[in-house]
Amino acid sequence: MSTLRHHNPNLDAADVLVETDIVTHSAARKGLAVLRLGYGFTFLWAFFDKLLALGFGTGAVTDPETGARTGIDFMAEDAAWLNGGSPTEGFLSFGVPANNPFKDIFNAMAGDTWVDWLFMLGLLGIGAALFSGIAIRIAAAAGALLYMLMYAAVIPLENNPIIDDHLAGAIVLVVLALTLAGDTWGLGRRCARTKLVRRYPVLR
């Protein structure tokens with residue numbers, strides 16, 4: 001392990017921090033757990049919002065003049081997935097920039113049943129795994145892939161030439177997997193003791 005040294009001559013050797021100290025420090029572990037729970041909630045909320053039209057992106061009633069949200073059309077017809085809506089059609093049809101090199105591919109996928117099912121199952125599975133702390137590695141891989149597909153759908157970016165929230169999210173999920181963030185305030189450590197996970201560590 002490389003050492004993260006402070007360039008301060010007054011520090012004793014015992015004050016030098018190493019990487020293993022940082023990722024096992026109680027405050028750092030709790031910070032990672034909060035980050036994991038926060039990202040888990042974003043995936044779960046996106047799932048339920050698109051499933052039921054909870055008014056945050058799906059089923060929102062807005063003022064036509066100001067665009068401000070004024071209410072919620074719960075289970076809105078042709079909006080909520082359970083009421084005839086497609087969770088992918090809007091974004092893949094209208095959210096892809098005109099000069100995106102993959103525009104035709106994403107537009108062709110918009111609203112397809114198999115795309116809707118994969119997207120929604122992905123949101124639910126990734127969110128549940130992150131929230132519970134179980135199968136963080138698989139959730140991180142799937143979540144990073146989903147983020148990267150969404151990143152590909154919005155290039156060229158508007159506010160930054162390289163980084164947006166999708167790419168940043170993919171990086172965060174990889175960090176959560178590498179640091180086993182599901183072990184703190186989650187069921188990751190308990191699952192790691194099972195025979196199945198000990199045999200197949202990728203399930204941790």
Side-chain angles (χ1 to χ4, degrees), residues 33-98 100 102-136 138-160 164-173 176 182 185-187:
V34 171
L35 189 62
R36 170 180 59 81
L37 292 170
Y39 268 80
F41 182 75
T42 63
F43 278 95
L44 288 177
W45 180 263
F47 170 79
F48 286 109
D49 183 48
K50 295 178 183 303
L51 182 73
L52 305 171
L54 299 178
F56 287 80
T58 307
V61 179
T62 59
D63 186 316
E65 295 184 359
T66 65
R69 189 174 71 242
T70 58
I72 299 173
D73 186 4
F74 180 70
M75 286 294 291
E77 185 176 1
D78 295 328
W81 194 36
L82 290 181
N83 199 12
S86 168
T88 64
E89 185 174 10
F91 174 70
L92 293 180
S93 296
F94 308 107
V96 183
N100 183 290
F102 311 110
K103 179 177 174 59
D104 292 340
I105 297 174
F106 286 119
N107 286 168
M109 295 166 56
D112 282 358
T113 300
W114 68 273
V115 177
D116 287 346
W117 273 93
L118 279 179
F119 180 65
M120 292 295 280
L121 290 176
L123 291 178
L124 178 61
I126 296 165
L130 289 175
F131 212 77
S132 66
I134 299 173
I136 290 293
I138 294 176
L145 175 61
L146 180 58
Y147 271 133
M148 292 308 298
L149 288 173
M150 296 176 73
Y151 176 79
V154 297
I155 55 175
L157 307 180
E158 290 186 4
N159 302 316
N160 188 293
D164 76 339
D165 56 338
H166 301 109
L167 185 56
I171 295 170
V172 167
L173 293 186
L176 293 178
W185 294 347
L187 301 175

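- Proximity of a side-chain donor or acceptor of Asn107 to a complementary backbone N or O of Leu92 within less than 3.5 Å is detected.
- Looking at heavy atoms from C-beta onward, Val96 lies out of side-chain contact with Phe102 at the 4.5 angstrom threshold.
- In plain terms, the two heavy atoms of Ala60 and Gly55 that are nearest each other are CB-O, 3.4 Å.
- By the side-chain contact (heavy atoms from CB on, under 4.5 Å) test, Asp63 is found to be paired with Glu65, Thr66, Thr70, residues two or more places apart in sequence or in another chain being considered.
- Closest heavy-atom contact between Arg36 and Gly182: NE-CA, 3.5 Å.
- Across every non-hydrogen atom of Ala53 and Ala76, the tightest pair is CB-N, 3.7 Å.
- In summary, of the residues considered (Trp45, Phe56, Phe119), a side chain to side chain contact (heavy atoms under 4.5 Å, CB included) with Lys50 occurs for Phe119 alone.
- For the ring pair (Phe, Tyr, Trp, His ring centres under 6.0 Å) condition, the pairs that include at least one residue of residues 62-97, sequence neighbours left out, are Trp81-Trp117.
- The two residues Ala153 and Pro97 make their nearest non-hydrogen contact at O-CD, 3.2 Å.
- Put simply, the side chain of Asp49 gets close to the backbone of Thr58: a donor and an acceptor are under 3.5 Å apart.
- Considering only residues two or more places apart in sequence or on other chains, Asn100 meets the side chain to side chain donor-acceptor pair (under 3.5 Å) condition with none of them.
- Minimum interatomic distance between Ala33 and Trp185 (heavy atoms only, all atoms of both residues): CB-CE3, 3.7 Å.
- Although no hydrogens or angles enter the test, the distance criterion places a donor-acceptor pair under 3.5 Å between the side chain of Thr88 and the main chain of Gly111.
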**OP:** List the steps, then state whether side chain to side chain contact (heavy atoms under 4.5 Å, CB included) holds for Tyr39 with Ile126.
**Re:** CA-CA 9 Å; Tyr39 268 80; Ile126 296 165; over 6 Å; no

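- Between Tyr147 and Phe43, the ring planes are perpendicular. Angles over 60° get that label, and only those under 30° would be called parallel.
- Between the side chain of Asp164 and the main chain of His166, a donor-acceptor pair closer than 3.5 Å is present.
- To the nearest 0.5 Å, the span separating CG on Leu118 from CE on Met109 amounts to 8.5 Å.
- In plain terms, the two heavy atoms of Ala98 and Lys103 that are nearest each other are O-CD, 3.6 Å.
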Original post:
Stepwise, does the side chain to side chain contact (heavy atoms under 4.5 Å, CB included) test hold for Leu167 with Met148?
Top reply: CA-CA 6 Å; Leu167 185 56; Met148 292 308 298; 3.6 Å; yes

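- Taking CG of Leu54 as the start and CZ of Phe47 as the end, the distance is 10.5 Å to the nearest 0.5 Å.
- In this structure, CG in Leu145 is found 11.0 Å from CG in Leu173, a value given to the nearest 0.5 Å.
- From Arg69, atom CZ reaches atom OG1 of Thr62 across 10.0 Å, with rounding to the nearest 0.5 Å.
- Rounded to the nearest 0.5 Å, atoms CG (Leu176) and CD1 (Ile136) are 7.0 Å apart.
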Subject >> Step-by-step side chain to side chain contact (heavy atoms under 4.5 Å, CB included) determination, Leu130 to Leu44 >> reply: CA-CA 9 Å; Leu130 289 175; Leu44 288 177; over 6 Å; no

